[in-house]
Amino acid sequence: MDSSKLDKIISLCKRRGFVYPGSEIYGGFAGTYDWGPLGTELRGNVVKEWTEAMEDHENMAFLDSSIFTAAKVWEASGHISGFSDPMVVCNHCHTKFRADHLLDVIGVVADEKMTEKQINAIFDESRDKLHCPVCGKKNFGKVAAKSLLATSNLGRFEDEDQEVYLRGETAQGIFINYKNVLSLGWYSIPFGIAQVGKAFRNEISPRQFLFRKREFEQMEMQYFVSPKKAPAAYEDWKKERMTYYDRLGVKKEKLRWKQHENLVFYAKDAWDIQYEYPFGWNELEGVHYRGDYDLSQHQKFSGVDMAYYDEETKERYIPHVIETSVGVDRTILMLLADAYDEDEMNGEKRVILRFKANMAPIKAAVFPLLKNKPDLVKKAREVYGLVKKEIRPIVFDDNGNIGKRYRRQDEIGTPYCVTVDFDTLQDDTVTLRDRDTGKQERVKIGEVASVIRKAIEK
Ligand code: ATP
């Protein structure tokens with residue numbers, strides 16, 4: 001566990017405009033964060049790579065479904081009755097915890113899918129060994145299942161003021177639109193529906209920065225496939241989802257597969273891709289083979305026939321579903337942790353984010369060597385304009401000395417810095433500095449953009 005690394009990342013995120021605590025000027029609001037300018041760019045890169053990876057598939061449709069949904073959706077999906085976390089309160093300091101997380105610390109396996117009775121039994125057996133992480137006392141109450149669904153009210157000015165659920169996952173929006181998408185006519189089984197969107201969960205103890213938020217974003221894909229072909233398709237998706245992380249430049253040794261020990265009753269198989277975060281190995285993405293449970297439930301509750309007639313095999317069946325589900329926020333925390341490094345350059349310590357160039361929030365920074373030389377500033381502005389025509393986003397920076405500017409850009413992971421100096425005024429070349437090595441080379445102004453573009457596309 002490297003909690004100091006997490007603290008350093010959190011402070012860098014605030015200082016350099018990646019992530020701000022939600023509602024900060026009012027004292028903060030637990031489990032929420034705002035993306036700053038750099039975080040917004042990084043988020044955009046994550047969504048772009050995921051979307052492009054999904055677009056590589058022939059039969060992939062995209063959807064953007066509502067956050068507010070009829071309560072029946074969550075009844076059918078089982079979220080109203082079963083989407084809960086086991087909460088336990090310390091009777092001494094009154095802090096709330098997830099019982100499965102406390103058990104995990106002492107090596108006892110339990111999870112949120114267990115019933116209240118099951119988890120209470122396990123918790124009771126381990127009470128002697130369980131200390132409150134906040135006050136250290138051994139005095140916990142009973143474990144209670146707490147619903148994760150966030151509620152709101154709609155229709156206040158009409159006769160009926162109804163309680164509605166904010167979606168707890170984006171997947172249900174896909175299931176309830178599966179027939180609509182199919183009726184377009186050009187999709188046939190097997191096909192997938194992909195969606196990026198916000199989800200909301202009443203997490204008991206939002207913590208570990210971006211890892212467990214109450215408002216977060218999911219990138220989910222549901223692949224509808226015939227029951228016979230589903231097992232092979234599941235293996236293909238597992239392979240593909242692990243390979244996908246090469247695109248993001250994530251260190252291979254920091255990723256691993258973990259199979260679920262307690263499958264929910266309807267699931268055929270379930271594996272998670274875990275990343276070794278500064279606080280240990282944890283779920284980044286779920287790749288789950290869910291059988292026909294979701295569509296069957298919606299058929300039962302809505303009365304709409306979800307069966308598909310397969311022209312090829314002349315069979316009617318409810319398609320099986322393979323789901324890939326990954327959080328934008330957990331991806332970003334992974335990228336930050338993976339890229340964070342400290343080294344020494346020219347005898348000076350520096351903090352550096354070694355993002356793969358395509359993921360870097362800012363692709364290049366352009367500087368005039370000196371701020372108070374109008375000729376240099378004018379030329380640097382010209383170079384900035386030229387590069388910006390081809391590469392975005394880039395920044396112009398003339399604040400502080402050149403060393404400070406380099407360090408600032410290293411800290412946000414900008415792969416290239418372009419400096420306009422006195423030689424530029426003579427020969428139209430600039431200095432191109434590489435973030436990782438600090439190496440500088442002279443490049444013709446007209447070629448700068450293409451050199452940077454090539455590196456980004458690698
Ligand atoms: P966990 O066991 O860590 O609570 P989960 O199994 O409930 O996660 P899923 O329901 O499978 O998570 O959600 C799919 C993905 O959504 C997760 O792999 C994760 O990347 C992301 N995710 C889930 N809950 C949160 C959260 N509270 N904050 C940020 N991302 C989340």
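As the structure is a computational prediction, the values presented were derived from the model and not from experiment. Indexing begins at 1, ligand by ligand and atom by atom, following the structure's order.
Listed by number with element, the atoms of ligand 1 under 4.0 angstrom from any heavy atom of Arg212 are 1 (P), 3 (O), 4 (O), 26 (C), 27 (N), 28 (N). The distance from ligand 1 to the heavy atoms of Arg98 drops below 4.0 Å at these ligand atoms: 4 (O). For ligand 1 and Leu284, the ligand atoms under 4.0 Å from any heavy atom of the residue are 18 (O), 19 (C), 20 (O). Each of the following atoms of ligand 1 lies closer than 4.0 Å to a heavy atom of Gly327: 19 (C), 20 (O), 21 (C).
When ring centroids are compared, Tyr234 and Tyr223 stay outside the 6.0 Å threshold.
Other residues, nucleotides and ligands contribute at most 12 non-hydrogen atoms within 6.0 Å of the CD atom of Glu312. Around the NZ atom of Lys14, the shell of radius 6.0 Å holds no more than 12 heavy atoms that belong to other residues, nucleotides or ligands. The 12-atom threshold is not exceeded at NZ of Lys229, counting heavy atoms of other residues, nucleotides or ligands nearer than 6.0 Å.
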Side-chain polar contacts of residues 165-174 - donor-acceptor pairs under 3.5 angstrom, sequence neighbours left out - could you list them?
from, atom 1, to, atom 2, distance (Å)
Arg167, NE, Lys198, O, 2.6
Arg167, NH1, Ser65, O, 2.8
Arg167, NH1, Ser65, OG, 3.3
Arg167, NH1, Ser66, O, 3.3
Arg167, NH2, Lys198, O, 3.1
Glu169, OE2, Gln172, NE2, 2.8
Thr170, OG1, Glu220, OE1, 2.6
Gln172, OE1, His298, NE2, 2.7

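Between Phe211 and ligand 1, at least one N/O pair is under 3.5 Å apart. Ligand 1 has a nitrogen or oxygen under 3.5 angstrom from a nitrogen or oxygen of Gln218. Ligand 1 has a nitrogen or oxygen under 3.5 angstrom from a nitrogen or oxygen of Glu203.
For atom 12 (O) of ligand 1, the choice among Glu283, Glu217, Arg214, Lys213 with the nearest heavy atom turns out to be Glu283.
At a 4.0 Å heavy-atom cut-off, ligand 1 touches Arg201 through the side chain alone.
Taking Thr243 as the reference, nothing meets the side-chain hydrogen bond (donor to acceptor under 3.5 Å, both in side chains) condition, with sequence neighbours excluded.
At least one cation-pi condition fails for Lys239 and Trp271: the charged atom is not both under 6.0 angstrom from the six-membered ring centre and inside a 45 degree cone around its axis.
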